[in-house]
Amino acid sequence: MIFPSSLSRLLSYELKKWMATISLSITQRLAYKVNFFLLFLGPMLVFFLVQYNLWHSLFLFREGAPIGGYTRDEMIAYQGWVLVTALLTQGFHSRDLAQDIRLGRISSYLIYPFDFWQYHLGTFLGLQCIQLCIATTAVAALFFTGVFQELSATHLFLGVSVALCAGLLWYLIQYALGLFAFWIEQTWTLRVLFALIASFCSGAIFPLELLPEWAREIVLLSPFPYLTYVPVKTFLGAELDLPLPAPVALTFWSIVVWGCGKLLWNRGMRMYTAAGM
Amino acid sequence: MKNLRTQMQYYGTLYRSFFELCAAEALSFRTHFVLLIVVDLIFYGTMFGTAEVLYHHVEEIGPWNRSQFLFFVAFFLTVDQLHMTLFAMSFWEFSSDLRLGKLDFWLVKPAHILFIVFFRHIRVASLLLAPLVWGALIFSGIQVGLSPLSWCMLPLLVLLSLALLITMEILLSAAMFWTVENDGINFLRMQVQSVGRWPDFIYQYLFQKLFSVFIPILLVTSAPVHYLLQTRGEEVLFFLLAALLGMLFLVSKVWRYALLRYESASS
Amino acid sequence: MDPEITIRCTNLSKNFRVSEKQAGLAGSLSSFFKRTYRSVPAIQSFSFEAQKGEIVGLLGPNGAGKTTLMKMLTGIIVPSSGTAQVLGFSPSERKRAFRRQISLVMGQKSQLWWDIPALDSFHLLGKYYEVEHSQLHHRIQELADLLDVHGLLNTHIRKLSLGERMKMELMASLLHNPRVLFLDEPTIGLDLVAQRNIREFLKFYQEQHQTTILLTSHYMGDVQALAERIVLVLDGEKRFDDSIEHFESFFGGEKYVQLELEAAVDTEDPLWKRYDTVWVENGVRADLRIPTHRFHHALREIFERFPVQNFTTEKLPIERVLTSLLENPRLLEQRGESSLR
C-alpha cells in the first residue's frame, strides 16, 4: 500500500508544477494588455477584416455569382471559421523559447526538476485556456453579426476537437523551429517563412478548392491543410476528400514533427553541453 | 546654402558609414543572410500566387483586370522592398533600444535623433532583390501599356509612396515611448502594412475612410497605381502629397513632445 | 556664467510615474483593466556645481537617483523642474554643439555594435563627431597605446571579455576628446586588476586633457582613486558635498580598530553594540569604531573581558564611512549644513 500513496504524492507534486506553469503563463500573457492585443489578437482580427472585405467586394463585383463553388454567404462563413481556427491554433510563439536558448537561460532548466519541454508545453496549455475563451466570444460575435447563419452543436464540438489537435501540431512545429536557435542567431526568419507558407497553403487566404487541381493534390500531402482548411471544413460540417482521415493525418504529422523536435533537441543539447556555446 | 551643403555632406558620410557597418555585420551571418533572401522570395511568390489564384476564378476585381492587378502587386512589392532594405530593421531595433535604454547613447550623439534611429539599419541581403522587383515592375508596366507620362512618374511615385509609408510608421513608432510594450506597436505596423496589400476598392466605406485619412496606408500603394493606370485622375497625387506633408508635420510635433517626456530605462 | 564652472544645476527635480500591480493571477486580471499609478520623486531640488577639470564622485545606494541626475545633465531626460547648465548649455535643449562636447559611458550598457569589431564602430563614431580621418586614426592609436588593446581592435565585440569591452567603450567615448565625461559605473562587474587598469587610464587621461568628469560607482576604489570631491545622494537629495579628505574624516573623532580573538565570543554582548561593530568572522574577527575620547577606556574593557589575540588601529576606510552613513543617515543631519557647499 506504500507504493500507490507515494505515487499519488508524486503525481500531485507533478500536477502542482504543471498548474503553476500554466497559471504563470496566463499571468505573463495578460501582464501587458496592449501587447496582448497587438501581438496575438490584432493580427488575426485584421486578417479576418481584410479577408471579409476582400471576399465581400469580390462577390459584389460579380453580383453574387459563386466563386470556386462557394456562394457569398458560404465564403464569408468560411472566413469566419478561419478566424476561430486561428484563435484556437496560433496562440503560441516560439520567440521566448528561442530567446531562452540564445541567452543561455536553458542552463537553469537543466537544473530545475521540470524540463524545458515541460515548461514550454505548460506555457502553451495556459495560452490555450485564454484562446479558448476568446474563441468562444468570437463564435458568439460572428453568429450575432450574421457571419455564421447557423450553428450546430455537433459540428462545433467536432471542429473544436480538430482545431485543438491542429493547435498541438502548430505548437510542435513552433517548438521545433525555436530549437534552431541552437545553430542560428535569429530564428524569426524561420517562423516568418513558416507563417508565409502556412497562410498560403493552409487555406487561410482562400479555400483550397480554388487552387488548380494539381496544386491542391500536392498541398494536401503536406501538413499545412490540417492547420486551417481541415478544421474549418469540420466546423462547416462539409465532406472532406482527404488522402487520410483527419485524425489519422493529424496524429501522423504530430508524431513526425515531435520526432524532429526530439532530434533537434538531442543534437542541440549535445552541442550545448559540450561547448557551452 | 553653404550650411545646407555641409549638413548634406555630414549626413551623407554618416549614411555611408551605416551602410559599411551593416554590410560587415550582415556578411558575418551567412545562414541568416540567405534565409532573409528566401523569406523575401517566398513572400513575393505568395503575393503573386494569391493574385493568380483569384484571377483563375474571376476576370476582374473592381476596375482592374489581371495585368492591372499584377502591376499593383509589383508596385506594392517595389515599395516594400525599399522599405525592407532601408528601414524595416530600424523599427525593431528602436523598440529594443528603447527597452534596454540604449537610446540614451543615440540621444547624446550630435546627429538628428530620427536619422540615427530610423536610417541606421540597412538590410543588405534585401538589397540583392532590387533587380528582381524592379524587373517585375517594368515587365508588368509593359504588360498594362503604361503611358509615357506614367513611365516618367513611376520612379518618383515609388519614392513618394515610400516616404509616406515611413513617415506614417515613424509616427506610429513614437507610441512606443508611452506603451513600453514596444513590440506590439511593431506588430500594429505590420498589420497596417498588410491592409495596404490589397487595392482600396475592396474595402467597405468605413475601412476605406479610416485607412485613407487617419492611417493613410491605402494612399501608399493604391493612389499612385490608380494614377499610373489612369483609373483615377491627378487628384490622388494631391491626396498623397497632402498626407505626406500632414504626416511630416505630426512627426516633428509628436517626436519633440515624446523626447520631452522620455524617462529612459533605469540601468 | 563663470567660464571655470562646467556644470551647474539649481533646484533640479525629477518625478517618475510608475504603475503598480498586485501579484498573482487576480492581480494581473485586475490590472489588465485598471492600472494604478503613483508619482515617485527620483531627484529633489538638487543644486550642485563642478569646476572645469574637476572629477566629482557621485555616491549613493541603488536607486538614490545618481543615474537620473546624470541623464538630466546629458539631456537624455528632461527635468520636472529646476535648471541645469553644462558648458553653458541647457542639456535638455539637446543642442548639437553641446552633444559634440560631452560623452557618456554606462557600465551596464554598450554603445558598440555587438557583432562587428570595435574598429568599425569607431569609424562610425568618428563620422558622428566629424573627426578627420587622419586625426581619428591618430586618436585611436594613442588611446589603444594607453589602454594596451592594439590586438583587440579587430576582434568582434561579443568575443571580448567584459574588461576588454569596457576599455573599448571608454575608447569609443573619448574619440572626439569631450570636455565633459559622464561615467556611470564604469567598472561594474570587472575584476580587481581590470578595475585598476581602467582607473589608472582615466587618471592619466584626465591629467593630460583636463576633462571634467562626473563619476558614479559602487566601488569605493574608483572614487578614491579618481575623485577629488564627493557628492553623496540619498533618496534623491544631496546629503554631502565636499572634498574626499573631509569625507574620510567624517568620523574624525573616532578610531577604527580591527580585533582578532583567540576563541569565539558572544557577539550579542552590549559592548559590541556601543562601538558599531562589524563582524568579519563571526565571534572571532571584528571591526570597531571607537570615539577618541573613550579609546583608552574601551580598549581596557575589551582586553579585560575578551581573549584578544591581536589588534590594529587606523584611520576609518572610506568604504566604512559610506556604509556607516548609509545605515545611519541621521549622522549626516548631526553634522548639518557644514558638509553641504
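Throughout, a chain's letter reflects where its sequence line sits, starting with A, and its residues are numbered from 1. These figures come from a predicted structure and were not determined experimentally.
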Answer with side chain, backbone, both or neither: which region of A:Leu190 has an atom nearer than 4.5 Å to a non-hydrogen atom of chain B?
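The side chain, not the backbone.
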
Please classify the contact of A:Ile205 with chain B as side chain, backbone, both or neither, using a heavy-atom distance under 4.5 Å.
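For A:Ile205, the side chain is the part near chain B, not the backbone.
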
May I have the step-by-step check of side chain to side chain contact (heavy atoms under 4.5 Å, CB included) for A:Ile184 and B:Leu35, ending in yes or no?
CA-CA 10 Å; A:Ile184 54 180; B:Leu35 271 173; 3.9 Å; yes

Heavy-atom proximity to chain A below 4.5 Å, by part of [X]:
X	result
B:His56	side chain
B:Val38	both
B:Phe29	side chain

Side chain proximity check, [X] to [Y], heavy atoms < 4.5 angstrom:
X	Y	result
A:Trp188	B:His32	yes
B:Ile202	A:Trp55	no
A:Val192	B:Ile42	no
A:Ser199	B:Thr46	no

Inter-residue atom distance [X].[atom1] - [Y].[atom2], 0.5 Å rounding:
X	Y	atom1	atom2	result
A:Asn53	B:Gln204	CG	CD	4.5 Å
A:Phe37	B:Phe187	CZ	CZ	14.0 Å
A:Leu39	B:Met190	CG	CE	8.5 Å
B:Glu60	A:Leu58	CD	CG	12.0 Å
A:Arg62	B:Ile61	CZ	CD1	10.0 Å
A:Phe200	B:Phe43	CZ	CZ	12.5 Å

Atom of A:Phe61, atom of B:Phe201 and distance for their closest heavy-atom approach:
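Looking at all heavy atoms of both residues, the closest pair is CZ-O, 3.8 Å.
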
Write down the atom of A:Leu210, the atom of B:Val53, and the distance for their closest heavy-atom approach.
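Answer, listing the atom of A:Leu210 first, then B:Val53: O-CG1, 3.8 Å.
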
Got a sec: does the CG of B:Leu206 have more than 12 other heavy atoms crowding it under 6.0 Å?
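Atom CG in B:Leu206 is not packed in, count stays at 12 or less.
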
Choice from B:Thr50, B:Val195, B:Leu54, B:Asn186 maximising heavy atom contacts with chain A below 4.5 Å:
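Ranked by contacts with chain A, first place is B:Thr50.
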
